[in-house]
Amino acid sequence: MRPRGPACAAAGLLLAVALSCTGGAGDAAPVASPPPAGAAREGPRTGPSPTPADPVSLQALMRREHTGSGLRLGAVLDRTSAYTRYAVTYEANALTISGIMNIPEGEGPFPALVLAHGYIDPDAYVSGQGMPREQDRLARGGYAVLHTDYRNHADSDKDPGNDVNLRLGYTEDVIGAALALRDSGRREIDGDRIGLFGRSMGGGVVYNTLVVAPGLFDAAVAYAPVSARPEENIDHFQRPDGDPLVAEIEEKHGTPEENPGFWRGVSALTHADRVTEPLLIQHGTADGTCPLVWSREAAAAFRKAGKDVELRTVPGEGHTFGPKWAASMDVTEAFFARHLR
């Protein structure tokens, strides 16, 4: 386990701009980015740059000092023999973010996991939605599970510019969740042992968190993740449906042809060399939503950068995992046990 430091971690960008994802990705090599000045628990400490970063970029998020605090347990939503489920809020970069938390019964402190859910229309979303099976199983396995709702969801604060800025704020919310866990002072939570688990769009949050805040988490898992290249997600998810947000995004940031530097700057693969945590990617071979080639490309980029990444393909499984979900979770729990126990 890496040494821990007390400071705030830098935060991340993401974006999966859609409910479903299909489309391909090439085998482009990652572009080198400045190596992190430190891979300690507090995250990167990057030095000054001769040129300012685009404010909507991973580099800008790397340089920002992020905050997360004020974890508050609210109403009890459920009690089982294994854990108690709470409504929670916490502060992330001056926004209040809602979510749910499952705290195991018994003696703590328990290692903690932050869960990053996939895309659900914020207007239809209810708190804690998206990963109920994982919340239950991991709490029964002895983890304190914090599922973030993200900004603009449920009872979280609003961020009107989040969508046109590629929903970067979702990753800030995840980083804030980890910092709030570390800062909570609650005896049930071991703030020195924290993992990250995201699926679909949340898998993209995982990638961006790892490159923006190396050292914040101890290990990370991505299930059926979206492309690490936001323009591919836009092309597959939004453009075919005529989503008017695409025009707003391209008016502000340019198309990949008009402004290739911007689009490189919002891809986690550009900064693959910054990752310090072990990463497990699980992806079904029959995923009709997010194509397996996206995970193959991401794994290849991280490996090329010398990172500890495992891609596990699950024969016959679709995007949400069905018959082999339990077996895939066996693998996930074993992975977290190796790095958090």
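All values reported here derive from a predicted model rather than from experimental measurement. The figures that follow rest on heavy atoms only: side chains count, while hydrogens, waters and symmetry mates do not.
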Exercise for the section: Establish whether Val88 and Ile97 are linked, either directly or via other cluster members, by ILVMFWY side-chain heavy-atom contacts under 4.5 Å. Expected result: yes
Problem - His319 and Cys290: CA distance, side-chain angles, deciding distance, side chain to side chain contact (heavy atoms under 4.5 Å, CB included) verdict - result: CA-CA 7 Å; His319 187 59; Cys290 290; 3.5 Å; yes
Handout entry: Between Thr148 and Tyr90: side-chain donor-acceptor atoms closer than 3.5 Å
Key = yes
Handout entry: Residue pair Val226, Tyr207: steps toward the side chain to side chain contact (heavy atoms under 4.5 Å, CB included) verdict
Key = CA-CA 10 Å; Val226 297; Tyr207 292 159; over 6 Å; no
Handout entry: same_hphob_cluster(Val126, Leu146) at 4.5 Å side-chain heavy-atom cutoff
Key = no
Exercise for the section: Would you indicate whether the side-chain heavy atoms of Met201 and Asn233 approach each other to under 4.5 Å? Expected result: no
Handout entry: Point-to-point distance, once rounded to the nearest 0.5 Å, from CZ of Arg193 to CZ of Phe336
Key = 13.5 Å
Exercise for the section: Kindly determine whether Phe335 and Arg312 satisfy side chain to side chain contact (heavy atoms under 4.5 Å, CB included), including the steps that lead there. Expected result: CA-CA 12 Å; Phe335 175 81; Arg312 180 177 181 271; over 6 Å; no
Exercise for the section: Answer with yes or no after comparing the ring centroid distance for His339 and Phe217 against a 6.0 Å cut-off, counting only values under it. Expected result: no
Problem - ILVMFWY network linking Phe110 to Val221, side-chain heavy atoms under 4.5 angstrom - result: no
Handout entry: Exercise: identify the closest heavy-atom pair between Ala298 and Leu269
Key = CA-CD2, 4.0 Å
Exercise for the section: Check for a donor-acceptor pair, side chain of Lys307 on one end and backbone N or O of Ala272 on the other, with a separation under 3.5 Å. Expected result: no
Practice task
Check whether any side-chain N or O of Thr67 sits under 3.5 Å from a backbone N or O of Ala92 as a donor-acceptor pair, and report yes or no.
Solution key: no
Exercise for the section: Check the angle between the aromatic planes of Tyr150 and His117 and answer parallel, tilted or perpendicular using the 30° and 60° thresholds. Expected result: tilted
Practice task
Please report the shortest heavy-atom distance between Ala53 and Ala60, naming the atom on each side.
Solution key: CB-N, 3.8 Å
Problem - Side chain His271, main chain Leu210, donor-acceptor under 3.5 Å - result: no
Handout entry: Pro214 backbone acceptor or donor facing Glu277 side chain under 3.5 Å
Key = no
Problem - Ala139 versus Pro104, closest heavy-atom pair with distance - result: O-CG, 3.7 Å
Fill in the blank from the handout: For Ala112 and Leu340, the nearest pair of non-hydrogen atoms, with its separation, is O-CD2, 3.8 Å
Exercise for the section: Give a yes or no answer on whether the side chain of Thr84 reaches the backbone of Arg79 with a donor-acceptor pair at less than 3.5 Å. Expected result: no
Handout entry: Note: Arg137-Asp330 ion pair, threshold 4.0 Å (strictly below)
Key = yes
Handout entry: Student check: side-chain heavy atoms of Thr80 and Asn102 closer than 4.5 Å
Key = no
Practice task
Please answer whether the main-chain N or O of Gly128 pairs with a side-chain N or O of Gln135 as donor and acceptor at a distance below 3.5 Å.
Solution key: yes
Exercise for the section: Spell out, as yes or no, whether a donor-acceptor pair under 3.5 Å connects the side chain of Thr89 to the backbone of Thr96. Expected result: no
Problem - Beyond-backbone contact of Leu216 with Leu179, side-chain heavy atoms, under 4.5 angstrom - result: yes
Practice task
Would you kindly confirm whether Val331 and Leu292 end up in one hydrophobic cluster when ILVMFWY residues are joined by side chain heavy atoms under 4.5 Å apart?
Solution key: no
Exercise for the section: Cation-pi check, Arg341 to Tyr143: give yes when NZ or CZ is under 6.0 Å from the six-membered ring centre and within 45° of the ring axis, no otherwise. Expected result: yes
Exercise for the section: Drop me the distance from Leu113's CG to Glu333's CD, to the nearest 0.5 angstrom. Expected result: 9.0 Å
Handout entry: Between NE2 on residue His153 and CG on residue Asp121, distance to nearest 0.5 Å
Key = 8.0 Å
Handout entry: Main-chain N/O of Arg151 paired to Asp173 side chain as donor or acceptor, under 3.5 Å
Key = yes
Problem - Taking every non-hydrogen atom, the tightest pair across Gly254 and Asn259 - result: CA-CB, 4.3 Å
Practice task
Nearest 0.5 Å please: distance from the NE2 atom of His253 over to the CD atom of Glu258.
Solution key: 12.5 Å
Practice task
Would you name the heavy atoms of Leu311 and Ala299 that are closest together and state the gap between them?
Solution key: CB-CB, 4.0 Å
Practice task
Establish whether Val114 and Leu73 are linked, either directly or via other cluster members, by ILVMFWY side-chain heavy-atom contacts under 4.5 Å.
Solution key: yes
Fill in the blank from the handout: dist Phe262:CZ -> Leu166:CG (nearest 0.5 Å) comes out at 4.5 Å
Exercise for the section: State, with a plain yes or no, whether a side-chain heavy atom of Arg85 is found less than 4.5 Å away from one of Asp136. Expected result: no
Exercise for the section: May I ask you to decide if the ring planes of Phe321 and Tyr223 are parallel, tilted or perpendicular, using 30° and 60° as cut-offs? Expected result: tilted
Handout entry: Any side-chain heavy-atom pair of Met329 and Gln282 under 4.5 Å
Key = no
Practice task
Indicate yes or no for a side-chain donor-acceptor contact from Asn152 to the backbone of Asp159 under 3.5 Å, with no hydrogens or angles considered.
Solution key: yes
Exercise for the section: For Ser98 and Asp155, indicate whether the former's side chain and the latter's backbone hold a donor-acceptor pair under 3.5 Å. Expected result: yes
Exercise for the section: Evaluate the criterion salt bridge (Lys or Arg N to Asp or Glu O under 4.0 Å) for residue pair Asp243 and Arg239; output intermediate values, then yes/no. Expected result: CA-CA 6 Å; Asp243 188 339; Arg239 200 181 302 279; over 6 Å; no
Handout entry: salt bridge (charged side-chain N to carboxylate O under 4.0 Å, His left out), paired with Glu297, selected from Arg303, Lys304, Arg229
Key = Arg229
Exercise for the section: Take Phe197 and Leu138, measure what side chain to side chain contact (heavy atoms under 4.5 Å, CB included) needs, and give me the verdict at the end. Expected result: CA-CA 11 Å; Phe197 185 6; Leu138 292 166; 3.7 Å; yes
Exercise for the section: Would you mind reporting whether Leu58 and Val211 have side-chain heavy atoms less than 4.5 Å apart? Expected result: yes
Practice task
Using a 4.5 Å cut-off on heavy atoms from C-beta on, say whether the side chain of His283 contacts that of Pro291.
Solution key: no
Problem - Check: Glu172 and Arg64 side chains under 4.5 Å, non-hydrogen atoms - result: yes
Completion exercise
d(Ser295 OG, Ile281 CD1) to nearest 0.5 Å is 5.5 Å
Practice task
Verify the distance criterion only: is there a donor paired with an acceptor across the side chains of Trp325 and Glu134 at less than 3.5 Å?
Solution key: yes
